[in-house]
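Read through the structure below, which is laid out as structure tokens, and then see the notes.
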Amino acid sequence: MQLIRSEPEKVKDAMAAKGETDVDLDQLLSWDVDWRETLQELEQLRAERNTASKEIGRRKAAGEPADELIQRMKQVSQKVGALEETTRHLEQKIEDALLRIPNIPHPDVPLGASEDDNVEVKRWGTPRSFGFDARPHWELGPELGIIDFERAARVAGSRFTILRRAGAHLSRALINFMLDLHIEEHGYEEVYPPYLVNRESMLGAGQLPKFEDDAFLVGKQDYFMIPTAEVPVTNMYRSEIIPAANLPYKFVSYTACFRAEAGAAGRDTRGMIRQHQFDKVELVMYTIPEHSYAALEKMLGHAEVVLQRLELPYRCLIMCTGDMGFAQAKKYDLELWMPSYDGFVEISSVSNFEDFQARRANLRFRRDREAKPEFLHTLNGSGVAVGRTVAAIIENYQEKDGSITIPQALRPYMRGQARISI
RNA sequence: GGAGAGGUGGUCGAGUCUGGCUAAAGGCGCGGCACUCGAAAUGCCGAGUUCUCGCAAGAGAACCGUGGGUUCGAAUCCCACCCUCUCCGCCA
């Protein structure tokens with residue numbers, strides 16, 4: 001709010017860059033003025049009431065009459081009540097508007113309206129030339145008996161997958177491989193959080209109020225199924241004040257993720273690219289503000305190592321203002337080469353949220369004992385999405401006879417198995 | 001699910017019956033100072049958060065799990081909800 005008061009133009013520019021039109025800033029500013037005016041009046045009346053109440057207490061103790069003062073305070077209290085009502089009303093409107101204002105993009109981020117304006121910053125590996133007709137994972141998987149789409153549809157519906165035998169094993173191997181890599185080589189702490197979270201956590205991570213339709217809401221308890229481990233993990237320290245000496249926190253978390261994919265009807269309907277449920281190994285960091293951009297580059301590197309060890313060709317994009325999302329200040333996407341798409345498919349996105357989530361979730365740190373609490377910065381990145389990696393391995397490592405070679409790095413996690421065949 | 005107990009500051013813990021003098025005793029922990037060659041022990045002093053007004057010094061308001069209510073006035077009384085603990089039942 002302070003930023004909006006002092007630099008409304010900057011916020012307006014940011015909203016324009018992200019294509020957000022939800023909030024009328026001038027309206028918001030005028031509510032703010034009203035709020036401060038009524039608040040002043042309210043506080044003055046409360047102060048009056050407080051002193052009078054003390055006086056009443058004193059008089060009663062001394063046996064002096066206080067009826068006339070009490071009568072007067074009745075009036076004052078009534079006014080206080082009315083003013084409290086109006087401030088509360090204004091606060092709610094202001095709060096609601098504030099929650100719908102997007103994060104301000106970092107100055108480095110390219111301006112743009114859509115994914116066409118994203119900038120490719122890196123390409124690693126070369127897509128293999130097969131020398132035969134490469135086939136999609138949604139054919140190879142069922143043929144090998146390692147993916148079962150039909151029965152998944154029977155059991156749950158569309159956009160669900162059943163992995164079987166070597167498919168399930170491959171997925172489990174990937175999870176363990178990624179976790180071990182980030183824990184042992186990159187120094188992350190492993191976290192296994194709840195899959196159901198309360199509304200406050202969704203708000204804190206910036207999923208609400210804007211993206212309520214994308215989440216699954218469970219039961220009458222107001223539990224949301226997590227769309228990513230980012231939600232529980234960035235909320236772990238909600239409303240705590242962390243000593244700066246403890247930072248950065250680096251967490252790696254494997255969870256299933258659940259998404260309604262409400263806006264994606266008809267897209268990626270074949271295969272296991274876009275699912276209501278998928279597995280993901282997620283990286284989350286809490287840093288002090290000066291360190292967050294260096295941490296972003298490091299985290300991006302950590303995600304890249306996964307793909308490099310698996311020897312899967314990928315590219316890295318920096319997302320433009322219009323495509324990067326509501327809560328992020330700067331975001332990279334990693335995209336894997338997917339033969340069936342004859343193109344790249346997102347496998348990881350690594351973002352700096354600066355203090356956007358920290359403000360919502362009230363995540364603070366203290367530089368030293370005397371210092372005032374400040375908001376810290378949060379980052380997260382996929383390290384990486386498991387289901388899509390399974391699909392990419394099947395497609396990129398397929399052989400002419402329809403079998404799948406298992407990447408070297410995964411074999412220790414597959415009891416040495418080198419090939420999946422019928 | 002049944003029965004009971006409880007949620008107070010960094011932490012432990014009083015205060016709640018009997019509403020006002022309570023930002024809230026006391027202990028521990030923390031910071032500073034004194035004593036000491038240094039340390040321990042001891043003594044003294046100091047530390048909450050958010051918001052509003054103000055250039056500032058400062059003034060004021062709110063906060064005792066959350067939200068309502070009663071009252072001139074609520075940590076304290078009433079209602080609802082959330083959470084924790086103990087016992088019983090059920091359960092992977």
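Quantities reported herein were computed from a predicted structural model and do not represent experimental measurements. Reckoned from all heavy atoms, side chains included, excluding hydrogens, waters and symmetry mates. Chain letters run A, B, ... following the sequence lines, proteins first, then strands; residues in each count from 1.
Classification of A47(B) as syn follows from a glycosidic angle within 90° of 0.
One can place CG of Asp67(A) at 15 Å from C1' of U71(B), the figure rounded to the nearest angstrom. The separation between Asn198(A) atom CG and C81(B) atom P is 18 Å, rounded to whole Å. Distance, Gln92(A) CD to G67(B) P: 13 Å, rounded to whole Å. Atom CD1 of Ile56(A) and atom C1' of C21(B) are 15 Å apart (whole Å). Regarding Glu200(A), its CD atom lies at a distance of 17 Å from the P atom of C81(B), rounded to whole Å. Across the protein-nucleic acid pair, Met73(A) atom CE and A74(B) atom P stand 14 Å apart, rounded to whole Å. Counting to the nearest Å, the C1' atom of G60(B) and the CG atom of Leu42(A) are 11 Å from each other. When the P atom of A62(B) is taken as reference, atom CD of Glu91(A) falls 14 Å away, rounded to whole Å.
In terms of the ring-ring contact (aromatic ring centres under 6.0 Å, His included) criterion, residue partners of Tyr293(A) (sequence neighbours excluded) are, by chain and number, His106(A). In this view, His302(A) and His186(A), Tyr188(A) satisfy the ring-ring contact (aromatic ring centres under 6.0 Å, His included) rule, not counting sequence neighbours. Partners of Glu139(A) by side-chain contact (heavy atoms from CB on, under 4.5 Å), not counting sequence neighbours, listed by chain and number: Arg135(A), Pro136(A). Evaluation of the side-chain hydrogen bond (donor to acceptor under 3.5 Å, both in side chains) rule for Ser340(A) yields Glu395(A) as partners, not counting sequence neighbours. Tyr249(A) is linked by a ring-ring contact (aromatic ring centres under 6.0 Å, His included) to Tyr237(A), Phe251(A), Tyr286(A), counting only residues two or more places apart in sequence or in another chain.
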Reading nucleotides 50-59 of chain B 5' to 3', which nucleotides get B (base under 4.0 Å from a protein heavy atom), which S (sugar-phosphate only), which -?
SSBS------
Atom pairs, protein N/O to nucleotides 29-31 of chain B N/O, distance under 3.5 Å:
{"unit_1": "C30(B)", "atom_1": "O2'", "unit_2": "Arg369(A)", "atom_2": "NE", "d": "3.3"}
{"unit_1": "C30(B)", "atom_1": "O2'", "unit_2": "Arg369(A)", "atom_2": "NH1", "d": "2.4"}
{"unit_1": "G31(B)", "atom_1": "O4'", "unit_2": "Arg369(A)", "atom_2": "NE", "d": "3.2"}

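Distance noted for atom P between C21(B) and C64(B): 15 Å (whole Å). Look at the P atom in both C91(B) and A14(B): the space between them is 39 Å, to the nearest Å. Atom name P, nucleotides A74(B) and G67(B): the rounded distance is 15 Å, in whole Å. Across the C1' atoms, A56(B) and G20(B) are found 35 Å apart, a figure rounded to whole Å. For A75(B) and G65(B), the P atoms lie 10 Å apart once the distance is rounded to whole Å. Atom C1' of C78(B) sits at a distance of 31 Å from the matching atom of G26(B), rounded to the whole Å. Comparing the C1' positions of G9(B) and A23(B) gives an interatomic distance of 9 Å, to the nearest angstrom. As rounded to the nearest Å, C88(B) and U16(B) have P atoms that lie 33 Å from one another.
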Side chains of residues 89-101 of chain A: which donor-acceptor pairs under 3.5 Å do they make with residues two or more places apart or in other chains?
{"unit_1": "Glu91(A)", "atom_1": "OE2", "unit_2": "Trp35(A)", "atom_2": "NE1", "d": "2.8"}

Which donor-acceptor pairs under 3.5 Å do the side chains of residues 379-389 of chain A make with protein atoms, sequence neighbours left out?
{"unit_1": "Asn380(A)", "atom_1": "ND2", "unit_2": "Glu230(A)", "atom_2": "OE1", "d": "3.3"}
{"unit_1": "Asn380(A)", "atom_1": "ND2", "unit_2": "Glu230(A)", "atom_2": "OE2", "d": "3.3"}
{"unit_1": "Ser382(A)", "atom_1": "OG", "unit_2": "Ser349(A)", "atom_2": "N", "d": "3.1"}
{"unit_1": "Arg388(A)", "atom_1": "NE", "unit_2": "Ile273(A)", "atom_2": "O", "d": "2.8"}
{"unit_1": "Arg388(A)", "atom_1": "NH1", "unit_2": "Glu346(A)", "atom_2": "O", "d": "2.7"}
{"unit_1": "Arg388(A)", "atom_1": "NH2", "unit_2": "Ile273(A)", "atom_2": "O", "d": "3.1"}
{"unit_1": "Thr389(A)", "atom_1": "OG1", "unit_2": "Ala385(A)", "atom_2": "O", "d": "2.5"}

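Where pairing requires Watson-Crick or G-U contacts shorter than 3.5 Å, the helical stems of RNA chain B with at least three consecutive pairs are B:1-7 with B:82-88, B:10-12 with B:26-28, B:30-34 with B:42-46, B:48-53 with B:58-63, B:65-69 with B:77-81.
Judged by distance alone, the side chain of His276(A) and the main-chain N or O of Arg259(A) form a donor-acceptor pair under 3.5 Å. Under a 3.5 Å cut-off, the side chain of Glu7(A) and the backbone N or O of Glu9(A) do not form any donor-acceptor pair.
Taking the side chain as every heavy atom from C-beta outward, Thr255(A) and Pro193(A) approach each other to under 4.5 Å. Side chains of Met202(A) and Pro227(A) form a contact here, defined as non-hydrogen atoms less than 4.5 Å apart. Within the 4.5 Å cutoff, the side chain of Val11(A) has no heavy atoms near those of the Pro8(A) side chain.
The side chain of Ser77(A) contributes no N or O atom lying less than 4.0 Å from OP1 or OP2 of U71(B).
Only Arg46(A), Ala47(A), Arg49(A), Asn50(A), Ser53(A), listed by number, bring a heavy atom of residues 44-55 of chain A to less than 4.0 angstrom from any atom of RNA chain B.
Taking both residues in full, the closest heavy atoms of Met414(A) and Ala173(A) are given as SD-CB, 3.6 Å, listed atom of the first, atom of the second, then distance.
Within the structure, every pair that satisfies the salt bridge (charged side-chain N to carboxylate O under 4.0 Å, His left out) test and touches residues 270-282 of chain A, not counting sequence neighbours, is listed here: Glu261(A)-Arg274(A), Asp268(A)-Arg274(A), Lys280(A)-Glu282(A).
Remark: Asp22(A) CG to Met15(A) CE distance equals 7.5 Å, nearest 0.5 Å.
Of the residues near RNA chain B, Arg88(A) and Gly57(A), the one whose nearest nucleotide (by heavy atom distance) lies more toward the 5' end is Gly57(A).
In this structure, Arg366(A) reaches the sugar-phosphate backbone alone: every heavy-atom distance under 4.0 Å involves primed, P, OP1 or OP2 atoms, never a base.
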